[in-house]
Amino acid sequence: MDHEIVVRPIETARELDSVMEIYRTQKALLGFFPDEAFKQRADAKQIFIAWSGGNATGYVLFATNQRYEVRINHLCVKAEFRSRKIAKQLIAALVAAYPDRSRIRLNCRADYDAANVYRRLGFSELRRFPGRKQNGSELISFGLAINETPLFDALDDPSDTATVLCDTMVCIDIEDPNRPHHKASSGLRADWLADGINLKVAPEVMADLGRQDEPLRSEMISAVKNGWDQVAADHLEVEQQLREVRHIMGEPKDDSSASDQRHIAIAAAVESAAFVTRDEEILSFREPILCSLGLRLLSPSEFITQYDSVLNSHRYQFRELSRSGIERTRVRSVDEFDLNFFIDQTDGEHLKSFRAALDAMLADPREWEIYRVHSRTNENIALIAIRIVCDGGRQICRIRLNRCLLGTRFGRVLAEYLADQPLGAWRSGERRVVTITDPCPSPLILDACLRRGWIPADRSLWRISLPGCWTQDGLQAELSSLRDSCNVPEKVTKQALRFVTLDHSAAGTESKTQRLEQLIHPGKADFGQLPNWVIPIRPRWAQELFDFRLWDLPLLDPDTSLVINPDSVYYKRPRNSPTASLGRILWYVSGDENKGGGRVRACSALTRRVAGTVKILFREFQRFGVYEWRHLMEHFKDPDASGIAIEFSSTELFENPVSRDDVNDILESHGMKRQIFASAVAIPDAAFHAIYVRSLRNET
């Protein structure tokens with residue numbers, strides 16, 4: 001008797017065990033996948049399981065990426081349950097769960113029977129490319145459209161994929177099937193990873209192999225020459241990175257350790273997404289290397305487990321804390337650090353009860369995520385506990401600063417940063433409601449939240465994130481729906497609705513429109529009188545003011561307070577600057593396209609425009625600190641020269657920067673001439689929204 005097939009995300013440890021049992025029956029075809037990676041995908045609700053009559057019959061394991069795709073890693077059905085359309089129902093569940101994604105994509109070997117199965121499931125062949133496994137067959141990349149969002153007709157050029165460097169031992173592990181670590185290391189060449197990373201070695205590998213005994217030496221030298229790509233790095237850049245590596249790790253003890261350090265320096269010089277090694281001594285330096293060089297040191301299993309987060313942060317480092325001298329770590333045990341720094345003794349909070357609450361959260365990792373923020377000099381900076389709500393919302397139940405930071409400049413800036421984006425709890429491509437329910441939050445954070453669009457209600461702070469561009473009617477309907485759902489207090493939706501229903505067509509309502517966009521950030525109101533400007537900025541200043549994706553000074557140790565500050569200022573000559581005090585800014589980064597230039601890369605809220613002499617402006621705004629007096633003198637020449645200070649906030653980096661040609665095509669379609677953006681250019685509201693919408697599309 002056939003039972004009904006039920007497909008849903010896995011919810012319990014028992015269900016995860018069932019999935020892993022199915023995986024083990026097909027491991028030879030699916031390839032190595034670490035247990036921890038299964039657990040993380042389960043925590044992220046990225047494993048769907050199919051049930052029939054109490055039996056686990058199959059599963060699909062997947063991830064979502066910055067291109068608005070759903071990427072399938074495993075689609076597996078038990079042999080005895082095949083021919084019952086279970087795979088079709090697993091795919092249908094993915095389509096239903098991610099209606100806003102552009103497509104589902106996966107890789108499959110051309111010689112596997114599954115290739116024909118995917119065709120029968122409606123997948124189209126996108127392209128073929130060589131597999132990277134030993135004796136690997138040709139791979140086929142398949143795609144299935146989910147909606148009408150413009151899709152990639154072809155995959156990204158391989159040169160755009162992230163480089164991952166392997167050390168010599170991992171390289172040998174992969175090439176020699178008799179080594180004990182062969183299976184784990186070979187997971188780096190799994191089919192599903194094949195078009196996501198370029199697995200390479202540094203030229204230094206030849207020196208390492210030359211020290212091996214025969215016949216291993218000759219066999220491996222031949223294998224590397226014939227089967228591995230080697231990176232090419234600038235010699236001076238490598239030497240510069242090597243000095244920093246030796247400052248962290250100390251002078252090498254022998255030829256082997258000298259080679260290890262050079263491997264790391266080369267990986268940093270070529271901006272590798274990660275350096276993969278099994279050497280425990282090297283891995284013990286992972287934190288200082290990440291802070292100073294921005295390079296991740298990972299074991300093969302760790303890389304596979306953290307693949308999505310590594311690649312996303314490598315490509316789109318939105319104010320990533322690791323590049324600013326501080327780092328966040330997911331807490332696994334309350335014994336990892338001193339909780340005494342985070343309890344509020346003045347309000348009667350006790351260490352015992354605080355610890356018990358965190359222990360209870362850690363016991364349920366599918367519902368709770370706890371993070372610790374730390375630096376090179378202080379392992380106790382901030383603590384954040386986030387509850388994942390079933391409807392996709394986030395509840396921040398603990399958000400604390402180290403009490404030693406209270407009253408300090410760094411503490412104030414860190415509070416503003418956490419209020420602006422509490423470790424990704426609300427900044428995402430999804431509509432989301434976030435609440436702060438901490439009974440004793442840090443006063444600095446409370447003050448910062450009230451300045452940044454959080455609304456107090458029901459003894460909590462609330463924030464609504466509504467990405468995209470909204471018409472007045474559409475936004476009113478969305479907020480009314482939230483109100484009627486009873487999931488959001490009426491006070492919260494009422495305040496937002498009050499701004500929506502205002503007459504935004506009248507002059508003088510710009511501040512009301514800007515406040516509305518702050519309440520729904522990163523959403524944009526497709527109505528109102530906010531002026532819009534495209535402002536050119538050099539890559540040097542873009543990287544220091546807001547965009548770490550352009551970071552090309554790995555040895556620069558910026559003042560963390562400046563780097564993470566959500567508010568900043570930019571100086572311009574009066575004739576080259578906006579003429580309004582409020583509005584929106586599209587940042588056009590000038591310069592070499594190969595270094596991120598020639599594109600609109602970000603959007604900010606223009607919150608203030610101040611005119612005056614350069615020396616007066618510098619005194620008023622030097623607290624932002626990115627610019628030194630010499631920088632202004634290089635640009636303006638005279639301290640009494642006239643200048644404009646442009647204060648901005650709520651910067652949103654575009655996942656898909658818009659090229660100058662595309663921007664000009666949009667401007668032409670709205671009756672404007674093509675621009676070279678030598679100075680600030682005012683653009684109509686409709687053109688701004690067209691450029692903004694273009695940045696959300698997933699096209700290369």
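Only this structure's heavy atoms are used, side chains among them; waters, hydrogens and symmetry mates stay out.
- At least one donor-acceptor pair closer than 3.5 Å links the side chain of Lys491 to the backbone N or O of Pro456.
- When atom types are taken as modelled, the side chain of Ser18 and the backbone of Arg14 share a donor-acceptor pair closer than 3.5 angstrom.
- No more than 12 heavy atoms of other residues, nucleotides or ligands sit less than 6.0 Å from atom CD of Glu490.
- Side chains of Arg71 and Gln46: no donor on one and acceptor on the other come within 3.5 Å.
- Going from atom CD1 of Ile304 over to atom OG of Ser299 covers 8.5 Å, rounded to the nearest 0.5 Å.
- Here CD1 of Ile384 is found 7.0 Å from CD1 of Ile386. Values are rounded to the nearest 0.5 Å.
- Judged purely by atom type and a 3.5 angstrom limit, Ser272 uses its side chain to pair as donor or acceptor with the backbone of Thr163.
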Inset, instruction - Could you walk me through whether Arg463 and Cys449 pass the side chain to side chain contact (heavy atoms under 4.5 Å, CB included) test, one step at a time? - result: CA-CA 9 Å; Arg463 182 113 195 209; Cys449 286; over 6 Å; no

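- Between the CZ atom of Phe342 and the CG atom of Leu351 there is a distance of 12.0 Å, given to the nearest 0.5 Å.
- Side-chain polar atoms of Tyr23 and His74 form no donor-acceptor pair below 3.5 angstrom.
- Salt bridge absent: Glu302 and Arg278 never bring a charged side-chain N and a carboxylate O closer than 4.0 Å.
- A donor-acceptor pair is defined here as one N or O able to donate and one able to accept, closer than 3.5 Å; no such pair exists between the side chain of Ser481 and the backbone of Ala477.
- Between the side chain of Thr305 and the backbone N or O of Ser301, at least one donor-acceptor pair lies under 3.5 Å.
- Within the 4.5 Å cutoff, no side-chain heavy atoms of Glu478 are placed close to those of Arg483.
- Remark: the backbone N or O of Ile399 is paired with a side-chain donor or acceptor of Asp438 at under 3.5 angstrom.
- Between Phe33 and Phe38, the distance from one ring center to the other falls under 6.0 angstrom.
- A donor-acceptor pair is defined here as one N or O able to donate and one able to accept, closer than 3.5 Å; no such pair exists between the side chain of Trp470 and the backbone of Gly523.
- No donor-acceptor distance shorter than 3.5 angstrom exists from the side chain of Asn380 to the backbone of Phe341, with no hydrogens or angles considered.
- Looking at Arg608, its side chain never comes within 3.5 Å of a backbone N or O of Val569 through a donor-acceptor pair.
- With sequence neighbours left out, Asp335 forms a salt bridge (charged side-chain N to carboxylate O under 4.0 Å, His left out) with Arg355.
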Taking distance alone, no hydrogens or angles, what donor-acceptor pairs closer than 3.5 Å link side-chain atoms of residues 361-368 to residues at least two apart or in another chain?
{"residue": "Glu367", "atom": "OE2", "partner": "Arg387", "partner atom": "NE", "Å": "2.5"}
{"residue": "Glu367", "atom": "OE2", "partner": "Arg387", "partner atom": "NH2", "Å": "3.3"}

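- Lys45 NZ: more than 12 foreign heavy atoms inside a 6.0 Å radius.
- Looking at heavy atoms from C-beta onward, Glu369 lies out of side-chain contact with Val331 at the 4.5 angstrom threshold.
- Interatomic distance, OG1 of Thr437 versus CG of Leu461, reported as 9.5 Å (0.5 Å rounding).
- Checking His374 against Thr329 by side-chain atom types alone, a donor-acceptor pair falls below 3.5 Å.
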Legend entry - Chi angles and distances behind the ring pair (Phe, Tyr, Trp, His ring centres under 6.0 Å) call for Phe648, Trp587: CA-CA 11 Å; Phe648 61 93; Trp587 293 104; 4.9 Å; yes

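- For an aromatic pair to be called close, the ring centres must be under 6.0 Å apart, and Tyr98 with Phe62 satisfies this.
- A donor and an acceptor atom, one from each side chain of Gln495 and Arg498, are nowhere located under 3.5 Å apart.
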Legend entry - Chi angles and distances behind the salt bridge (Lys or Arg N to Asp or Glu O under 4.0 Å) call for Glu36, Arg41: CA-CA 9 Å; Glu36 182 62 25; Arg41 293 295 175 87; over 6 Å; no

Legend entry - side chain to side chain contact (heavy atoms under 4.5 Å, CB included) assessment of Val164 paired with Leu188: CA-CA 10 Å; Val164 175; Leu188 296 168; 5.6 Å; no

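- Checking side-chain atoms of Glu517 against main-chain N and O of Ala525 turns up a donor-acceptor pair under 3.5 Å.
- Counted within 6.0 Å of CZ on Arg330, heavy atoms from surrounding residues, nucleotides or ligands total more than 12; the atom is thus considered enclosed.
- Separation of atoms CG (Leu482) and CG (Leu466) is listed at 6.5 Å; rounding is to 0.5 Å.
- Taken to the nearest 0.5 Å, the CD atom of Glu336 stands 10.0 Å off from the CD1 atom of Ile370.
- Partners of Thr607 by side chain to side chain contact (heavy atoms under 4.5 Å, CB included), not counting sequence neighbours, listed by chain and number: Gln514, Ala605, Glu647, Ser649.
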